[in-house]
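Values below: every heavy atom of this structure, side chains too, minus hydrogens, waters and symmetry copies.
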Amino acid sequence: MAPGCTGSRRSELGARRDDSARAGERPGAASSRRPEASRTATSRASCAPTGEWLHPWVSTGHAPVLLFGDDSAKLLVTRYLSGTLVQGTSARDDPETYRRAGSLLAAFHAQLSVVDEDWNSRFRARVERHLAQPHRIDPEIVRQIHAEISGWPSGSALVVPTHGDWQPRNWLIDDGVVRVIDFGRADLRPPTEDFVRPARQDFARQPGLEAAFFDGYGCDPREPAEWRRALVGEAVGTAVWAYGVGDEWFEKFGHQLLAALYGTQA
């Protein structure tokens, strides 16, 4: 069961059985091999990202199999994963795509939970660090952000394996089966961090996609205060990063996100 979900109106295993059958695997085989864990830790060093996190997806054909890896050479060789990028196709507007993406993400998040003693402190510091860099965010919005940040909590948060860039440009569609690519930002974070990017660009334009996504996930675990912090952090990061690399369209998008959060005109 996904973190924060006390009950599910749909069996995740049932959804994975459907996808496993379509991906060419024996239904139920993955569930018998899936590692389950729940633990706490006070040190991030003991919680480093690992390829084992991909097991729930690799075992059912929803992520590529690693054939060779060399950290020093920054080289990965994987087995070919069939499918077409969801972004740019009609699948991006299909609620069933998001339902399946939500189910896949629930399986990923559910395999491990860890208490990160410093997550909230580091998150607040990251937003403050972004605001200290060159940017073109409206000064009044900057003032409001600083005032809001001062009241954010410090200390620990429950974190899980997250993809880090969960959105249609990193999903493949293959005869209705959703598969996953690009794990360069995978890390331990609160599960809400994986909801931010589809929320800002897909849920906002078509609310039915949001309902389908959380139907697949099993519940909507977002807590309002934590969710707002995640949205503010994403909007600030977008506007500052885009300005730094000269991407004016994306910078404008970041300003629009901030305007929506602070009730101003972008």
Side-chain angles (χ1 to χ4, degrees), residues 2 16 19-20 22-23 30 34 47-94 96-112 126 159-203 209 212-213 216-217 230 233-235 237-238 241-242 244-245 247 249-250 253-254 257:
R16 293 180 69 232
D19 278 353
S20 297
R22 300 190 70 177
R34 178 181 168 191
C47 309
T50 169
E52 293 178 3
W53 292 353
L54 299 184
H55 180 83
W57 293 340
V58 171
S59 63
T60 55
H62 292 91
V65 175
L66 178 64
L67 300 177
F68 174 78
D70 187 322
D71 288 342
S72 61
K74 299 186 183 299
L75 177 66
L76 293 175
V77 178
T78 69
R79 186 167 295 155
Y80 175 74
L81 193 67
S82 63
T84 302
L85 278 180
V86 168
Q87 184 163 301
T89 71
S90 60
R92 189 185 176 195
D93 298 316
D94 184 352
E96 187 58 28
T97 300
Y98 293 81
R99 185 172 290 107
R100 291 183 178 276
S103 180
L104 286 171
L105 191 61
F108 193 61
H109 286 175
Q111 63 186 318
L112 171 71
R126 186 181 76 195
V159 297
V160 300
T162 59
H163 180 276
D165 197 11
W166 193 250
Q167 57 178 315
R169 73 179 185 185
N170 290 321
W171 306 340
L172 302 180
I173 190 76
D174 183 25
D175 192 25
V177 175
V178 175
R179 298 191 172 101
V180 188
I181 60 171
D182 193 353
F183 309 102
R185 295 194 73 249
D187 204 350
L188 292 168
R189 305 177 179 92
T192 51
E193 292 291 302
D194 268 340
F195 306 150
V196 170
R197 294 188 176 183
R200 73 181 187 184
Q201 61 193 23
D202 296 300
F203 301 167
L209 303 180
F213 179 86
Y217 193 78
E234 180 73 5
T238 297
W241 180 87
V245 299
D247 188 335
W249 182 90
F250 201 44
F253 179 59
L257 295 174

**Q** Out of curiosity, Thr60 OG1 to Arg179 CZ, how far, rounded to the nearest 0.5 Å?
**A**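 Reported value, rounded in 0.5 Å steps: 9.0 Å.
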**Q** Any side-chain heavy atom of Phe108 within less than 4.5 Å of one from Val180?
**A**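 When only atoms from C-beta onward are counted, Val180 and Phe108 do not touch, as no gap falls below 4.5 Å.
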**Q** In chain order, what residues pass the side-chain contact (heavy atoms from CB on, under 4.5 Å) check against Ala91, with sequence neighbours excluded?
**A**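 Counting only residues at least two positions away or on another chain, Ala91 forms a side-chain contact (heavy atoms from CB on, under 4.5 Å) with Val86, Thr89, Thr97, Ile173.
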**Q** Can you check whether Leu54 reaches Leu66 side chain to side chain, under 4.5 Å on heavy atoms?
**A**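 SC-SC contact between Leu54 and Leu66 ruled out.
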**Q** Are any of the side-chain nitrogens in Arg169 or Asp165 under 4.0 Å away from the carboxylate oxygens of its partner?
**A**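 Result for this pair is yes, salt bridge flagged.
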**Q** Residues in salt bridge (charged side-chain N to carboxylate O under 4.0 Å, His left out) with Arg189, at least two apart?
**A**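 Arg189 satisfies salt bridge (charged side-chain N to carboxylate O under 4.0 Å, His left out) with no residue once adjacent residues are dropped.
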**Q** With sequence neighbours left out, what residues match Arg126 under salt bridge (charged side-chain N to carboxylate O under 4.0 Å, His left out)?
**A**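 If we apply the salt bridge (charged side-chain N to carboxylate O under 4.0 Å, His left out) test to Arg126, skipping adjacent residues, there are no hits.
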**Q** Can you tell which of Phe203, Tyr217, Trp166 makes a ring pair (Phe, Tyr, Trp, His ring centres under 6.0 Å) with Phe195?
**A**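 Among the candidates, only Tyr217 passes.
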**Q** Does the Thr78 side chain pair with the main chain of Val65, one donor and one acceptor, at a distance under 3.5 Å?
**A**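 Absent.
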**Q** Under the criterion side-chain hydrogen bond (donor to acceptor under 3.5 Å, both in side chains), which of Arg92, Gln167, Arg197 is the partner of Asp202?
**A**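 Of all the options given, the one that passes is Arg92.
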**Q** According to the interplanar angle, ranging from 0 to 90°, do the rings of Trp241 and Phe250 count as parallel (below 30°), tilted (30 to 60°) or perpendicular (above 60°)?
**A**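 Correct class here is perpendicular.
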**Q** Looking only at heavy atoms, which two atoms of Pro64 and Val58 are closest? And how far apart?
**A**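 Of all heavy-atom pairs spanning Pro64 and Val58, the closest is O-CG2, 3.5 Å.
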**Q** Can you measure from CD (Glu52) to CG (Leu112) and round to the nearest 0.5 angstrom?
**A**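 Reported to 0.5 Å precision, the distance equals 10.0 Å.
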**Q** Say you draw a straight line from CG of Leu104 to NE2 of His109; how long is it, rounded to the nearest 0.5 Å?
**A**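 Between Leu104 CG and His109 NE2, I get 11.0 Å after rounding to 0.5 Å.
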**Q** Please collect all ring-ring contact (aromatic ring centres under 6.0 Å, His included) contacts where either partner lies in residues 63-85, sequence neighbours excluded, each pair once.
**A**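 As it turns out, there is no ring-ring contact (aromatic ring centres under 6.0 Å, His included) pair with a partner in residues 63-85 once direct neighbours are skipped.
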**Q** How long is the straight-line distance from CD of Glu193 back to CD of Glu234, given to the nearest 0.5 Å?
**A**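 If we round to the nearest 0.5 Å, Glu234:CD and Glu193:CD are 7.5 Å apart.
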**Q** Checking Asp247 now: which residues fulfil salt bridge (charged side-chain N to carboxylate O under 4.0 Å, His left out) with it, not counting sequence neighbours?
**A**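 Listed in chain order: nothing, the list is empty.
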**Q** Are the side chains of Leu188 and Val160 in contact, using a 4.5 Å heavy-atom criterion?
**A**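 No - every pair of side-chain heavy atoms lies 4.5 Å or more apart.
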**Q** Between CG of Leu172 and NE2 of His62, what distance do you get to the nearest 0.5 Å?
**A**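 The NE2 atom of His62 is 11.0 Å from CG of Leu172, to the nearest 0.5 Å.
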**Q** Shortest non-hydrogen contact from Thr162 to Pro190?
**A**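 What the structure gives for the nearest pair is CG2-O, 3.9 Å.
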**Q** Exactly one of Phe213, Trp57, Tyr98 should register a ring pair (Phe, Tyr, Trp, His ring centres under 6.0 Å) with Trp171. Which one does?
**A**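 Answer after filtering Phe213, Trp57, Tyr98: Tyr98.
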**Q** Is Gln201 reaching over with its side chain to a backbone N or O of Pro198, donor-acceptor style, under 3.5 angstrom?
**A**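 No, the answer is negative, given that no donor and acceptor are paired below the 3.5 Å cut-off.
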**Q** When you look at CG of Asp71, are more than 12 heavy atoms from neighbouring residues, nucleotides or ligands closer to it than 6.0 Å?
**A**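 No - once you tally the heavy atoms of other residues, nucleotides and ligands closer than 6.0 Å, there are 12 at most.
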**Q** Please report the interatomic distance CG(Asn170) to CZ(Phe183), rounded to the nearest 0.5 Å.
**A**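 Output value for this atom pair is 8.5 Å.
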**Q** Tell me every residue that passes salt bridge (charged side-chain N to carboxylate O under 4.0 Å, His left out) with Asp94, counting only those two or more places apart in sequence or in another chain.
**A**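 Asp94 satisfies salt bridge (charged side-chain N to carboxylate O under 4.0 Å, His left out) with no other residue.
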